[in-house]
Amino acid sequence: MKGVGDQTARVLVAELPELGSLSRQKDHIAGRVGAVFSNDSRMFRGQQSIRAGAWACVALFMATLAGIRYNPVIRAYYEKLVAAGKRKKVALIAAARKLLVILNAIIRTDTPWRTANI
């Protein structure tokens, strides 16, 4: 898959051995990589951050950056969110979640990536 190289695949397999066995329901797979938490104070009202699942989150973030540039499916999803008024970093994290769900489905069904299928 464009955007996911050897290093990203190694990190995701090492950090997420259950990749391919979890469902996308209730954010099972996305919750293993990073959980969103609110950082409400006087200065930061309503902003959220991601408490990362260490290397898997970093690898997924970098793969998403490459995916936005070279993968037409991830790029279209990211551009749709930005056009809808989402902040760029919020759209990037949403695209990372979509990439993770796609990778989980590819491993679960044991089928190669084909852009035409999605």
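Basis for what follows: all heavy atoms, side chains included, without hydrogens, waters or symmetry-related copies. Bear in mind the structure is a predicted one, so any value in this text is a computation, not a measurement.
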S.K.: How long is the straight-line distance from CG of Asn104 back to CZ of Arg97, given to the nearest 0.5 Å?
M.R.: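 Interatomic distance, Arg97 CZ to Asn104 CG, rounded to 0.5 Å: 10.5 Å.
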S.K.: For the CG atom of Leu60 and the OG1 atom of Thr8, what is their distance to the nearest 0.5 Å?
M.R.: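 Answer rounded to 0.5 Å: 8.0 Å.
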S.K.: Report whether Leu99 and Trp113 are members of the same hydrophobic cluster (ILVMFWY, side-chain heavy atoms less than 4.5 Å apart, transitive linking).
M.R.: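 Same cluster.
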S.K.: By side-chain contact (heavy atoms from CB on, under 4.5 Å), which residues pair with Ala94, not counting sequence neighbours?
M.R.: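 Ala94: side-chain contact (heavy atoms from CB on, under 4.5 Å) contacts with Tyr77, Leu81.
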S.K.: So how far is it from Lys98 NZ to Ile74 CD1, rounded to the nearest 0.5 Å?
M.R.: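 CD1 of Ile74 is found 6.5 Å from NZ of Lys98.
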S.K.: Hey, quick one: are Val101 and Val90 part of the same hydrophobic cluster, counting side-chain heavy atoms closer than 4.5 Å, chains of contacts allowed?
M.R.: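 The answer is no; the residues belong to distinct hydrophobic clusters.
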S.K.: What distance do Leu12 atom CG and Gln7 atom CD have between them, rounded to the nearest 0.5 Å?
M.R.: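 That separation rounds to 11.0 Å.
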S.K.: Quick one: side-chain contact (heavy atoms from CB on, under 4.5 Å) partners of Ile107, sequence neighbours excluded?
M.R.: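 Expected list: Leu19.
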S.K.: Which heavy-atom pair separates Val11 from Ala59 by the least distance, and what is that distance?
M.R.: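 Reported closest heavy-atom pair: CG1-CB, 3.7 Å.
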S.K.: Would you say that Asn71 contacts Val4 through its side chain, given a criterion of any heavy-atom pair below 4.5 Å between the two side chains?
M.R.: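 Answer no - side chains too far apart.
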S.K.: Got Tyr78 and Thr64 here, is their nearest side-chain heavy-atom distance under 4.5 Å?
M.R.: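 SC-SC contact between Tyr78 and Thr64 ruled out.
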